[in-house]
Amino acid sequence: MQIDDPWPALPLAAWKDTYATLHMYTQIVGKIRLALSPRTNHWWESTLYVDARGLTTSPIPYGNGIFEIRFDFVEHRLVIRTSGGKIWAMPLEPKAVADFHDDLMKGLGSLGIHVSIWRMPVEIPDPIAFDRDHQHASYDPEQANRFWRVLLHVDTVFKEFRARFIGKCSPVHFFWGSFDLAVTRFSGRRAPERPGADAITREAYSHEVISAGFWPGGGGVDGPAFYSYTAPEPAGLSGAALRPSGGFYHPQLKEFLLMYEDVRHAASPRDAILEFLQTTYAAGADLAGWDRAALERA
């Protein structure tokens, strides 16, 4: 891979083991942020963010200061920095999730940071407690770097799309539960209660949303893809016209998808992503009766 290639190939089969392990690593770090951060609407206090080296928690309050945990996918290290000037790091390398968990907790302790997290992974089938998981132990530095480089450029395009909206909108952020980069727009209206929804889902979907994102694939989608969904989904959305031509509605997921492979080979990947985001947003907003004139930048 050329270092200046902003849209490298990222076939799911080539890095599925690294993906699965890194998913668990990010859940551990994300749960540390969740445990120590003030509660924010829609669980926004728990997410990670793309930065110039990888993924970061952003500042986490602790005692009289702050600390930050970063996945550095350039030098392949996990780094903790505190506002008191202390630094702790360990290499990102093939390592069982249980060992990663234990080493990280010891590293935090060496900095005087003590935190307890729920050790069960979320949003995956057949979860194994972090401190008992010796099954996931893969780390391919080239594939991790590829994934970050894709995120880096997707993050830039998503922020451009976000800037067009003046209503309530999420940051562009990385959800470690679903392992996706997402941005969510809100109509401003409360959504109907979801029967049987758990507390996490009730908080996440308390209001009407149109959410878009990028994730590496899985769950019946054989490769990385961009997605968009409207919740609650208005009648007729599945038949809405969208662009570019490769986009389609996935009836099982109830989401529009645009495969990353189609995007990276487009004349302008940026334009293809923005076109997908805009046409799927417009379809959902129009069918759901959003006040677009009040919500969008003129």
Side-chain angles (χ1 to χ4, degrees), residues 19 21-93 95 97 99-123 130-131 139 144-145 147-152 154-156 158-159 162 170-184 200 203-204 213-216:
Y19 169 14
T21 302
L22 194 55
H23 193 177
M24 296 302 94
Y25 290 178
T26 61
Q27 290 211 14
I28 293 167
V29 170
K31 287 190 175 200
I32 292 168
R33 184 183 181 211
L34 176 63
L36 295 174
S37 299
R39 175 77 174 271
T40 308
N41 53 339
H42 316 298
W43 307 108
W44 292 349
E45 80 278 16
S46 68
T47 56
L48 306 179
Y49 302 93
V50 177
D51 75 359
R53 305 288 294 190
L55 288 169
T56 177
T57 58
S58 74
I60 300 172
Y62 191 83
N64 293 320
I66 60 172
F67 71 98
E68 180 178 9
I69 307 176
R70 171 179 286 112
F71 288 91
D72 183 336
F73 296 129
V74 178
E75 295 185 358
H76 302 287
R77 302 191 305 159
L78 186 81
V79 184
I80 307 172
R81 286 184 168 86
T82 75
S83 55
K86 295 181 179 179
I87 299 175
W88 178 90
M90 68 174 173
L92 290 173
E93 59 188 1
K95 177 183 289 190
V97 169
D99 295 329
F100 178 92
H101 169 272
D102 292 349
D103 290 347
L104 176 53
M105 289 303 178
K106 290 175 184 175
L108 288 166
S110 73
L111 299 172
I113 300 167
H114 304 283
V115 57
S116 295
I117 64 172
W118 186 44
R119 293 189 294 274
M120 288 302 294
V122 297
E123 299 187 48
F130 299 134
D131 57 343
Y139 187 84
N145 181 269
F147 177 57
W148 163 69
R149 293 193 67 79
V150 175
L151 289 182
L152 187 71
V154 172
D155 183 74
T156 299
F158 279 12
K159 285 174 178 172
R162 183 184 187 275
S170 77
V172 178
H173 47 188
F174 186 85
F175 281 96
W176 39 264
S178 46
F179 207 71
D180 62 336
L181 189 71
V183 61
T184 303
I200 293 174
E203 174 63 26
F214 169 83
W215 99 113

Task: W44 side chain vs P171 backbone, donor-acceptor pair below 3.5 Å - done: no
TODO: Evaluate the side-chain proximity of M90 to F100: yes if any heavy-atom separation is below 4.5 Å, no if none is.
DONE: yes
Task: Heavy-atom closest pair, residues E93 and Y25 - done: O-OH, 3.7 Å
Task: Residues T56 and E68: side-chain donor-acceptor under 3.5 angstrom - done: yes
Task: Check: F147 ring centre within less than 6.0 Å of Y19 ring centre - done: no
Open item on the list: Angle between ring planes, F71 versus F73, binned at 30° and 60°: parallel, tilted or perpendicular?
Closed with: parallel
Task: Residue pair P61 / I66: nearest heavy atoms and the distance that separates them - done: CA-CG2, 4.1 Å
- [ ] For residues L152 and T156, report the shortest heavy-atom separation together with the two atoms involved.
- [x] O-OG1, 3.2 Å
Open item on the list: Nearest 0.5 angstrom please: K86 NZ to R81 CZ, how far?
Closed with: 15.5 Å
TODO: Kindly compute the distance separating NZ (K106) from CG (L111), expressed to the nearest 0.5 Å.
DONE: 14.5 Å
- [ ] Please report the shortest heavy-atom distance between G107 and W88, naming the atom on each side.
- [x] CA-CE2, 3.4 Å
Open item on the list: Would you say CZ of R53 has more than 12 non-hydrogen atoms from neighbouring residues, nucleotides or ligands within 6.0 angstrom?
Closed with: yes
Task: Spatial distance of atom CE (M120) from atom CD (Q27) [nearest 0.5 Å] - done: 10.0 Å
Open item on the list: Between Y139 and H76, do the side chains contain a donor N or O and an acceptor N or O under 3.5 Å apart?
Closed with: yes
Open item on the list: Are F214 and D180 packed together at the side-chain level, in the sense that at least one heavy-atom pair is separated by less than 4.5 angstrom?
Closed with: no
Task: Note, E203 side chain near N41 side chain (heavy atom, < 4.5 Å) - done: yes
Open item on the list: Any non-hydrogen side-chain atom of R77 less than 4.5 Å from a side-chain atom of R70?
Closed with: no
Task: Main-chain N/O of H114 paired with Y62 side-chain donor or acceptor, under 3.5 Å - done: yes
Open item on the list: Looking at every non-hydrogen atom in both residues, tell me the closest pair between D51 and L55 and how far apart they are.
Closed with: OD1-N, 4.0 Å
Task: Spacing of T47 atom OG1 and H42 atom NE2 [to the nearest 0.5 Å] - done: 12.5 Å
- [ ] Without swapping roles, check the side chain of H23 against the backbone of W176 for a donor-acceptor pair under 3.5 Å.
- [x] yes
- [ ] In plain terms, say whether K159 and D155 are close enough for a salt bridge, that is, a side-chain N and a carboxylate O under 4.0 Å apart.
- [x] yes
- [ ] Identify the two heavy atoms, one from N145 and one from V74, that lie closest to each other, and give their separation to 0.1 Å.
- [x] ND2-CA, 4.3 Å
- [ ] Step through it carefully: locate the ring centre of F174, locate the ring centre of F179, and say whether they are under 6.0 Å apart.
- [x] yes
Task: Gap between atom CZ of R39 and atom CG of L34 - 0.5 Å precision - done: 9.0 Å
Task: Atom pair CD1 (I69) and CD1 (I60), whose distance is rounded to the nearest 0.5 Å - done: 5.0 Å
Task: Single hit among T57, L108, I113 for side-chain contact (heavy atoms from CB on, under 4.5 Å) with I32 - done: L108
Task: Test item: S178 and W215 side chains (from C-beta on) under 4.5 Å apart, heavy atoms - done: no
